[in-house]
Number of protein chains: 2
Amino acid sequence: MTTLPDAANDCPPSPLSLAGMKVACSNCNLRELCMPVGLSDQEIERLDTLITTRRKIKRKTPLFRTGEKFHALYAIRTGVFKTSVTAEDGRDQVTGFQMAGEIVGLDGIVNDQHTCDAIALEDSEVCVLPFDRIGELSREVGALQHHLHRVMSREIVREHGVMLLLGTMRAEERLAAFLLNLVQRLQARGFSRSELVLRMTRQEIGSYLGLKLETVSRTFSRFAEEGMLEVHQRLVRIVDVERLRKVLAQQPGSTF
Amino acid sequence: MTTLPDAANDCPPSPLSLAGMKVACSNCNLRELCMPVGLSDQEIERLDTLITTRRKIKRKTPLFRTGEKFHALYAIRTGVFKTSVTAEDGRDQVTGFQMAGEIVGLDGIVNDQHTCDAIALEDSEVCVLPFDRIGELSREVGALQHHLHRVMSREIVREHGVMLLLGTMRAEERLAAFLLNLVQRLQARGFSRSELVLRMTRQEIGSYLGLKLETVSRTFSRFAEEGMLEVHQRLVRIVDVERLRKVLAQQPGSTF
DNA sequence: CGAAAAGTTGATTGTCTTCAAAACTGGTGG
DNA sequence: CCACCAGTTTTGAAGACAATCAACTTTTCG
């Protein structure tokens, strides 16, 4: 084992200009979704100067792991990740699924080391955003500073939503909310709003939703029986969005 | 109703220097816990210049509410707050309990309006930190910039912990984790590490922990029967911390 | 192709919720 | 000062939902 732990499972960092074509935020097709949102062309060029490396992460391998030193945020270029935390006793909880344009690694800032694992669910690629340099630049570029704050605040708000889901919803509602959130984000990225390929297992969905994998499977089957979905393993077609949305509205006994 | 919604339920903002004694971060006893952490004396003085108002919030009244425009973060000086989110159908979920030195309002940054309610559980007082001025100053004071990032990152990590709790723990474990977290934070503020007065109802604890109030009450009773706690309504004495900690370790069927 | 991983489905169990009633607390007004 | 009342808490009994245990099928990947 002569390689660093980080390098063991993924391809070596590659300079961006490798292929001759300059790969930078300025001409990235995720411009509208990712870090450069709200920045002027000039400001994006400055952002380009600090994003000097990308990393390819193979399926099932970690982008980072709990306990590793924090030094960068990562903007996902392609692929999907899951993040998960682990209790002392080994239980773990998937805290999110991230896709193109989304930022992972924010957990590492507070104690200068990561407190969750980020694992690629398919072969993926990320842009490395060295955090100290982001900090420096955001002192000069107000729009970047504000965008960074918004990214962090958005994550806090997202997690509030997950807490609501985990704290108050029943299995059917959780799965409906999960699917609706997923297609909504996929649609924003140009994919179908009715068809999706799940990149995660029933187990991982269950972990995220606070359910056992059998319950996830059964709930999929029930939705299919009722004609709301067509489910063929990882491939899900949403047949009746409206009814799926209504699953969220109808709770058994209101608390009020 | 000629008053602004904000002013209806709480005392008017008061200039800090009212009583002659200058009230500022520089001589605040929460210096070590709150916003000034890691700042030099000089930097704290600069921080003082932008913290010009405090607000007193009466028990059961809101510091802010969902939908209100965001313009400031709030550092809690005295008292305890709960934050909660509400679904379209009315269900709500307590997302946290905050005490002296902690910052609330981070949820408002992303969309420039608050997405949760912050309600005082007892008569409380907060320092108002106008967010645009925090932004300005943190461009000049690196330590403040980094501290702000850490505060937001810490909140993200805390919420990961809550997700783990809600997604994987049983009622006893949830309540044990809740109590241990609470005394730990109280102890850091100079209170007893074995005795605590709950400022929230069983209902609110239940909402936070994803349990019904009856379950919370029953679990308290069980802990008391087993000699781990003494419970007299809101007053809780932790008799056997070790055993309370062990509740967290022992899960029924390990997933592994 | 074959082994391992992932997914489905059924029967049973357990934990928490729901529904209900009673006891306690703190604040208000007679 | 005490009675009263609303809000809170406790406790019991019954029911619901998801977990568990188990068997089997399907898919994936080396």
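Chain letters run A, B, ... following the sequence lines, proteins first, then strands; residues in each count from 1. The structure presented is a predicted model; accordingly, all values stated were derived computationally and were not measured.
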Checklist entry - Out of D/dT8, C/dT17, D/dT10, which nucleotide sits closest to the side chain of B/Leu211? => result C/dT17
Checklist outcome for this item: Among C/dT15, C/dT8, C/dA6, the one nearest any side-chain atom of B/Arg170 is C/dT15
Next on the checklist: Quick check on contacts: within residues 218-237 of chain A, what sits under 4.0 Å from DNA chain D by heavy-atom distance?
Outcome noted: A/Arg218, A/Gln233
Item to check | Along DNA chain D (nearest heavy atom to each residue), the more 5'-positioned of B/Glu214 and A/Thr215 | outcome: B/Glu214
Checklist entry - Residues two or more places apart in sequence or in another chain: which of them pass salt bridge (charged side-chain N to carboxylate O under 4.0 Å, His left out) with B/Arg158? => result B/Glu155
Checklist entry - Residues two or more places apart in sequence or in another chain: which of them pass salt bridge (charged side-chain N to carboxylate O under 4.0 Å, His left out) with A/Asp240? => result A/Arg243
Checklist entry - Which angle, to the nearest 10 degrees, lies between the helix axes at the two ends of the helix from C/dC1-D/dG30 to C/dG30-D/dC1, each defined by five pairs? => result 50°
Checklist entry - For the pair made of CZ in A/Arg174 and C1' in D/dA19, what is the distance, rounded to whole Å? => result 13 Å
Checklist entry - Partners of A/Ser221 by side chain to side chain donor-acceptor pair (under 3.5 Å), sequence neighbours excluded? => result none
Next on the checklist: Show me the pairs that pass salt bridge (Lys or Arg N to Asp or Glu O under 4.0 Å) and involve residues 191-203 of chain B, at least two apart or across chains.
Outcome noted: B/Glu122-B/Arg199
Item to check | All pairs passing salt bridge (Lys or Arg N to Asp or Glu O under 4.0 Å) where residues 174-185 of chain B contributes a residue, at least two apart | outcome: B/Glu102-B/Arg185
Item to check | Separation of D/dT8 P from B/Leu121 CG (nearest whole Å) | outcome: 12 Å
Between the protein and nucleotides 21-23 of chain C, are there any N/O to N/O pairs under 3.5 Å, and if so, what are the atom names and distances?
none

Checklist entry - Which is it for A/Ser192 and A/Gln187 under the side chain to side chain donor-acceptor pair (under 3.5 Å) test, yes or no, and what are the steps along the way? => result CA-CA 6 Å; A/Ser192 165; A/Gln187 196 181 354; over 6 Å; no
Checklist entry - Which part of the nucleic acid, if any, lies within contact of B/Gly206, taking any heavy atom under 4.0 Å across all strands shown: a base, the sugar-phosphate backbone alone, or nothing? => result nothing
Item to check | B/Leu213 CG to C/dA20 P, straight-line distance once rounded to whole Å | outcome: 15 Å
Item to check | Pairs involving residues 216-225 of chain A, ordered by first then second residue, that meet salt bridge (Lys or Arg N to Asp or Glu O under 4.0 Å) (sequence neighbours left out) | outcome: A/Glu172-A/Arg222
Checklist entry - C/dT17 C1' sits how many Å from B/Arg91 CZ, rounded? => result 15 Å
Next on the checklist: Salt bridge check, B/Arg65 against B/Glu68: does any charged N sit closer than 4.0 Å to a carboxylate O?
Outcome noted: no
Checklist entry - NA contact type, B/Ser217, heavy-atom cut-off 4.0 Å: base, sugar-phosphate, or nothing? => result base
Next on the checklist: Is there a side-chain contact between A/Arg59 and the phosphate of D/dC29, meaning an N or O under 4.0 Å from OP1 or OP2?
Outcome noted: yes
Next on the checklist: For A/Glu88, give me all partners under side chain to side chain donor-acceptor pair (under 3.5 Å), at least two apart in sequence or on another chain.
Outcome noted: none
Item to check | A/Leu166 CG to C/dC16 C1', straight-line distance once rounded to whole Å | outcome: 16 Å
Item to check | Which residues share a salt bridge (charged side-chain N to carboxylate O under 4.0 Å, His left out) with A/Arg237, sequence neighbours left out | outcome: A/Glu230
Item to check | Gap between atoms CZ and P, on A/Arg199 and C/dG7 respectively (whole Å) | outcome: 13 Å
Checklist entry - For the ring pair B/Phe81 and B/Phe97, is the centre-to-centre distance below 6.0 Å? => result no
Checklist entry - Roughly how many Å is it from CG in A/Leu209 to C1' in D/dA19, rounded to a whole number? => result 15 Å
Next on the checklist: Suppose we screen for ring-ring contact (aromatic ring centres under 6.0 Å, His included). Which residues come up paired with B/Phe220, at least two apart in sequence or across chains?
Outcome noted: none
Item to check | d(NZ, A/Lys58; C1', D/dG30) in whole Å | outcome: 15 Å
